[in-house]
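Here is the naming used below: chain letters follow the sequence lines, and residue numbers restart at 1 for every chain.
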Amino acid sequence: MPELPEVETVARQLAPVLTAKCLRRLVIYDEKLAGIKTHKVANRRIERVCRLGKQLVLELSPKPNSSKQCWLSIHLRMTGRLIYAANSRLPSHPDKQHLRAKLVLDDGAVSLYDLRRFARIALHDSLVTAQPQGLDPTSRAFSVQRLTELLRISTSPLKPWLMRQDRLVGIGNIYASEICFAAGIHPAQSANTLNNNEIQCLYRATKHILRAAIKHCGTTFSDFQDSRGQTGGYVRYLKTYGRENEPCKACRTPILRIVQQQRSTYFCPQCQRR
DNA sequence: ACCCTCCTGTCA
DNA sequence: TGACAGGAGGGT
């Protein structure tokens with residue numbers, strides 16, 4: 001579920017409550033999510049909290065008598081949630097059934113809930129191994145030139161192209177449809193056939209949609225919650241996703257749903273012509 | 001470049 | 001009962 005804006009929301013909320021705190025222990029309730037020796041991260045100071053692609057990453061200080069830092073990455077995949085609760089607020093979440101892991105601090109805890117058990121926690125000894133391959137579209141390195149180069153080498157339809165994490169990171173099924181709509185491009189158009197004008201539109205749409213979604217703390221389509229248990233406010237700005245047969249907000253033409261690589265794509269056949 | 005699968009749940 | 005759900009790695 002969480003794409004770049006949702007993970008960014010969680011990262012921004014957790015950074016102030018985790019940074020400079022001691023991670024007393026990591027408790028794993030479901031081994032499937034994490035094959036980590038939890039003693040390796042216990043009693044380390046959390047130096048930094050950041051987002052890498054769709055992952056949340058905690059930079060942890062070296063243990064005493066060691067110089068080796070490590071990085072704990074958390075990928076929420078489809079249904080993962082990270083919920084923070086101060087000790088004063090416990091007992092916390094009612095959803096004990098889907099509690100998969102817990103980061104215990106002195107004054108509170110972050111609980112990972114995940115209905116479908118796709119989430120993953122991993123430990124890295126360098127930030128590079130935690131890092132996804134692609135370019136972050138919210139970074140300064142993302143330019144029309146870079147986007148043009150990346151598009152040229154692929155014949156993939158645009159919407160599935162946007163979801164590939166080895167080219168651009170962070171875009172998933174919701175924002176891929178929204179970005180295609182904002183750019184006015186048909187989701188099945190081949191990446192390498194976009195002209196300069198279309199690439200310019202796609203570039204602006206990508207930045208605009210992601211920035212707006214971050215501003216509204218992400219999208220809750222069915223069950224995304226941020227670290228405070230709040231739902232994402234961007235859902236009311238969605239123009240295509242989940243709106244099959246509803247009128248296009250620009251031209252009233254019914255929104256279509258098609259399937260591309262087993263995933264739903266929503267678009268307006270009038271605003272996004274081939 | 002495509003399909004399937006990993007899981008659990010909801011909804012038509 | 002079957003389709004579908006924010007993701008991505010593995011196989012062909």
Think [X] has a side-chain N or O under 4.0 angstrom from the OP1 or OP2 of [N]?
| X | N | answer |
| --- | --- | --- |
| Lys54(A) | dG7(C) | yes |
| Arg263(A) | dG6(C) | yes |
| Thr155(A) | dA1(B) | yes |
| Ser264(A) | dA5(C) | yes |

So which atom in [X] and which in [Y] form the shortest heavy-atom distance, rounded to 0.1 Å?
| X | Y | answer |
| --- | --- | --- |
| Leu99(A) | Lys102(A) | CD2-CE, 4.5 Å |
| Gln165(A) | Ile171(A) | NE2-O, 3.1 Å |
| His124(A) | Ser73(A) | NE2-OG, 2.9 Å |

Carboxylate-amine/guanidinium contact [X] [Y], below 4.0 Å:
| X | Y | answer |
| --- | --- | --- |
| Arg24(A) | Asp106(A) | yes |
| Arg146(A) | Glu149(A) | yes |
| Arg81(A) | Asp226(A) | no |

When the distance from [atom1] of [X] to [atom2] of [N] is rounded to whole Å, what number comes out?
| X | N | atom1 | atom2 | result |
| --- | --- | --- | --- | --- |
| Asp166(A) | dA1(B) | CG | C1' | 12 Å |
| Leu238(A) | dG6(C) | CG | C1' | 11 Å |
| Asp114(A) | dG6(C) | CG | P | 15 Å |
| Leu4(A) | dG7(C) | CG | C1' | 14 Å |
| Met78(A) | dG9(C) | CE | C1' | 14 Å |
| Arg51(A) | dG7(C) | CZ | P | 14 Å |
| Leu210(A) | dG6(C) | CG | C1' | 14 Å |
| Met163(A) | dA1(B) | CE | C1' | 15 Å |

Distance check, [atom1] atoms only: [N] and [M], in whole angstrom units.
| N | M | atom1 | value |
| --- | --- | --- | --- |
| dA5(C) | dA1(B) | C1' | 24 Å |
| dT10(B) | dA8(C) | C1' | 23 Å |
| dG9(C) | dG9(B) | C1' | 23 Å |
| dC4(B) | dG2(C) | P | 16 Å |

| query | Choosing from dC4(C), dA1(B), dG7(C), which nucleotide comes nearest the side chain of Arg257(A)? | reply | dC4(C)

| Which nucleotide sits closest to the side chain of Ser154(A): dA1(B), dA5(C), dG7(C)? | dA1(B)

| query | In this structure, are over 12 heavy atoms from other groups packed under 6.0 Å from Lys40(A) atom NZ? | reply | no

| So does Asp107(A) have more than 12 non-hydrogen atoms from other groups sitting under 6.0 Å from CG? | yes

| task | Produce a footprint string for nucleotides 4-12 of chain B: one letter per nucleotide, 5' end first; B if the base is under 4.0 Å from any protein heavy atom, S if only the sugar-phosphate is, - if neither. | result | S-BBBS---

| remark: Given Watson-Crick and G-U pairs under 3.5 Å, DNA chain B in dot-bracket ([ ] crossing, | other strand) is ||||||.|||||

| query | Taking Asn173(A) as the fixed residue, which of Gln260(A), Lys159(A), Glu3(A) is the one that meets the side-chain hydrogen bond (donor to acceptor under 3.5 Å, both in side chains) rule? | reply | Lys159(A)

Side chains of residues 204-211 of chain A: which donor-acceptor partners sit under 3.5 Å, not counting sequence neighbours?
| unit_1 | atom_1 | unit_2 | atom_2 | d |
| --- | --- | --- | --- | --- |
| Thr206(A) | OG1 | Leu202(A) | O | 2.7 |
| Lys207(A) | NZ | Tyr203(A) | OH | 3.1 |

| request: Check step by step if side-chain hydrogen bond (donor to acceptor under 3.5 Å, both in side chains) holds for Ser227(A) and Gln13(A). | output: CA-CA 7 Å; Ser227(A) 66; Gln13(A) 291 174 346; 2.6 Å; yes

| said: Filter on salt bridge (Lys or Arg N to Asp or Glu O under 4.0 Å), then keep only pairs touching residues 108-130 of chain A, sequence neighbours left out; what's left? | reply: Asp30(A)-Arg117(A)

| message | Over all strands shown, is Ser156(A) touching base, sugar-phosphate only, or nothing at heavy-atom distances under 4.0 angstrom? | response | nothing

Which atom pairs, donor and acceptor, lie under 3.5 Å between side-chain atoms of residues 176-189 of chain A and protein residues at least two apart or in another chain?
| unit_1 | atom_1 | unit_2 | atom_2 | d |
| --- | --- | --- | --- | --- |
| Ser177(A) | OG | Tyr266(A) | N | 3.2 |
| Glu178(A) | OE1 | Lys239(A) | N | 2.8 |
| Glu178(A) | OE2 | Lys239(A) | N | 3.4 |
| Glu178(A) | OE2 | Thr240(A) | N | 2.9 |
| Glu178(A) | OE2 | Thr240(A) | OG1 | 2.8 |
| Glu178(A) | OE2 | Tyr241(A) | N | 2.8 |
| His186(A) | ND1 | Ala188(A) | N | 3.0 |
| Gln189(A) | NE2 | Thr193(A) | OG1 | 3.3 |
| Gln189(A) | NE2 | Glu198(A) | OE1 | 3.4 |

| Does anything in residues 176-187 of chain A reach DNA chain C, meaning a heavy atom under 4.0 Å, and if so which residues? | none

